[in-house]
Amino acid sequence: MRIDKLLSNSGFGSRKEVKLLLKGKAVEVNGETVRDPKFHVDENVDDVSVAGEPVVYREFIYIMMNKPPGVVSATEDRFDETVIDLLTEDEQRFEPFPVGRLDKDTEGLLLITNDGKLAHELLSPKKHVDKTYYAKIDSPVMDEDIEAFKQGVVLDDGYETKPAQLHILQSEEESEIELIITEGKFHQVKRMFESIGKQVVYLKRLSMGPLELDKKLELGEYRELTEQELSKLKQRK
């Protein structure tokens, strides 16, 4: 890994700021002064220090965000603000990405990381990771809808969904439900309800696998995962 990237990811400033440290002879690798930002080091073997302070390299970042509506789940977008735009520059230097997508108008739990292996484990259709949503529906949701979702419904493109668990919290002119699915098709929750002639008017993701949205997080707020949360995600089979 280039020394400037290692130092930037370790909290010593932007690449430009790190170049100044290197130019000022503040950086040593295995006791030798290094001035070239392109100098390669092995973060697992080499001893790196800045002004005598040992550098502890950090490879991955894991963030839980309560995604607000109006923000897109992408690393960049020409027209809209992205969830990455909500992070600080220090966090953005890790080049994180959202694990899966929430629609632009959907709120709730979003995991952001640069750990590609973990992201793959959580998104792989073979892993059947549960995702729980809370939604408001524009009409009464009935027991027959529960049964239909349990069997799997056919979407507008002919795809038949895997069985889903629908729980009715309140069934009135505008119903409230919780839905557990194990897939992540484009606009899936909305399209599932459209298949039974109903419309989702509000949608929020509450959990993904063992990871539950921190109720203390306001819309747009985020925090790093605790060691316990990360351990649960990694231990999941």
### Task
Please determine if Asp157 and Lys185 form a salt bridge, counting it only when a charged side-chain N lies under 4.0 Å from a carboxylate O.
no
### Message
Can you list everything that forms a ring pair (Phe, Tyr, Trp, His ring centres under 6.0 Å) with Phe193? Sequence neighbours excluded, please.
### Response
Phe149
### Task
State whether the side chain of Thr132 and the backbone N or O of Ile180 hold a donor-acceptor pair below 3.5 Å, judged by distance alone.
no
### Query
Looking at CG of Asn114 and CD1 of Ile61, how far apart are the two atoms once the value is rounded to the nearest 0.5 Å?
7.0 Å
### Message
Other members of the hydrophobic cluster containing Met142, with the 4.5 Å side-chain heavy-atom rule, please.
### Response
none
### Query
Using links of under 4.5 Å between side-chain heavy atoms of ILVMFWY residues, direct or through other members, which residues join Val18 in one cluster?
Met1, Ile3, Leu6, Leu7, Phe12, Leu21, Leu22, Val27, Val29, Val34, Phe39, Val41, Val48, Val50, Val55, Tyr57
### Query
Can you tell me how far CD of Glu224 sits from CE of Met64, rounded to the nearest 0.5 angstrom?
11.5 Å
### Message
Quick check: is Phe97 connected to Leu102 through a chain of hydrophobic side chains (ILVMFWY, heavy atoms under 4.5 Å apart)?
### Response
no
### Query
Are Val200 and Ile177 connected in the hydrophobic side-chain network, where two residues link if heavy atoms are under 4.5 Å apart?
yes
### Task
Could you check if a side-chain atom of Ile84 sits within less than 4.5 angstrom of a side-chain atom of Pro96, using non-hydrogen atoms only?
yes
## Note on the structure
Asp156 meets the side chain to side chain donor-acceptor pair (under 3.5 Å) criterion, sequence neighbours left out, with Arg191
### Query
From Lys19 NZ over to Lys38 NZ, what is the distance, rounded to the nearest 0.5 angstrom?
8.0 Å
#### Entry: Taking every non-hydrogen atom, the tightest pair across Gly13 and Ser8
O-OG, 3.1 Å
### Summary
When every non-hydrogen atom of Pro69 is compared with those of Leu219, the smallest separation belongs to CD-CD1, 4.1 Å
### Query
Between Leu155 and Ile181, is there a shared hydrophobic cluster once you connect ILVMFWY residues whose side-chain heavy atoms come closer than 4.5 Å?
yes
### Query
Do any N or O atoms from the side chain of Ser195 and from the backbone of Val153 form a donor-acceptor pair under 3.5 angstrom?
no
#### Entry: Shortest non-hydrogen contact from Val129 toward Lys131
O-NZ, 3.2 Å
### Message
Taking Pro140's backbone N and O only, do any of them form a donor-acceptor pair with Ser171's side chain (distance below 3.5 Å, no angle check)?
### Response
no
### Summary
Here the pair of heavy atoms bringing Leu213 nearest to Met65 is CD1-O, 4.1 Å
### Considering all heavy atoms, the nearest Leu110-Val99 contact
CD1-O, 4.2 Å
### Task
Tell me, please, which residues at least two apart from His167 pass side chain to side chain donor-acceptor pair (under 3.5 Å).
none
### Query
Step by step, would you call Lys127 with Leu122 a side chain to side chain contact (heavy atoms under 4.5 Å, CB included)?
CA-CA 7 Å; Lys127 299 296 181 178; Leu122 292 171; over 6 Å; no
### Query
Crowded around Arg101 CZ? As in, over 12 foreign heavy atoms under 6.0 Å?
no
### Query
Any donor-acceptor pair under 3.5 Å linking the side chain of Asp115 with the backbone of Phe60?
no
### Message
Could you work out, with side chain to side chain donor-acceptor pair (under 3.5 Å) as the rule, every residue matching Glu144, not counting sequence neighbours?
### Response
none
### Message
Nearest 0.5 Å, please: how far is CG in Leu87 from CD1 in Ile63?
### Response
4.5 Å
### Query
Sequence neighbours excluded, which residues qualify as side-chain contact (heavy atoms from CB on, under 4.5 Å) partners of Lys126?
Ser124
### Task
Could you give me the CA-CA distance, side-chain angles and deciding distance for Gln188 and Glu183, then say whether side chain to side chain contact (heavy atoms under 4.5 Å, CB included) is met?
CA-CA 8 Å; Gln188 180 163 341; Glu183 304 171 282; 3.2 Å; yes
### Task
Could you tell me whether the side chains of Glu91 and Tyr222 share a donor-acceptor contact shorter than 3.5 Å?
yes
### Task
Only pairs at least two apart or in different chains count here, so list each salt bridge (charged side-chain N to carboxylate O under 4.0 Å, His left out) that has a residue in residues 200-222.
Asp214-Arg223
### Task
Supply the atom-to-atom distance Asp143 CG to Ile168 CD1, rounded to the nearest 0.5 angstrom.
5.5 Å
### Task
Kindly check if the number of other-residue, nucleotide or ligand heavy atoms within 6.0 Å of CD (Gln170) is above 12?
yes
### Query
Among all residues two or more places apart in sequence or in another chain, which pass the side chain to side chain donor-acceptor pair (under 3.5 Å) test with Asn9?
none
### Query
Distance from Asp46 atom CG to His40 atom NE2, nearest 0.5 Å?
12.0 Å
### Task
Just jot down the salt bridge (Lys or Arg N to Asp or Glu O under 4.0 Å) partners of Asp36, sequence neighbours excluded, or say none.
none
### Task
Hydrophobic side-chain clustering at under 4.5 Å (ILVMFWY, transitive links): who's grouped with Tyr202? Put none if nobody.
Tyr134, Leu169, Leu206
### Message
Is there a path of hydrophobic side-chain contacts, each under 4.5 Å between heavy atoms, that joins Met192 and Tyr159?
### Response
yes
#### Entry: Of all pairs that satisfy side-chain hydrogen bond (donor to acceptor under 3.5 Å, both in side chains), the ones with a partner from residues 65-85, not counting sequence neighbours
Asp80-Lys104, Thr82-Asp85
### Task
Evaluate the criterion side chain to side chain contact (heavy atoms under 4.5 Å, CB included) for residue pair Leu166 and Lys150; output intermediate values, then yes/no.
CA-CA 7 Å; Leu166 175 60; Lys150 187 185 296 184; over 6 Å; no
### Query
Which atom pair, heavy atoms only, marks the closest approach of Pro98 to Ala74?
CG-N, 3.8 Å
### Query
Does Asp105 offer a backbone N or O that forms a donor-acceptor pair with the side chain of Asp103 under 3.5 Å?
no
### Task
Determine, stepwise, if the pair Leu233 / Leu225 fulfils side chain to side chain contact (heavy atoms under 4.5 Å, CB included).
CA-CA 10 Å; Leu233 280 179; Leu225 296 191; 3.7 Å; yes
### Query
Going hydrophobic residue to hydrophobic residue with side-chain gaps under 4.5 angstrom, can you get from Tyr62 over to Met208?
yes
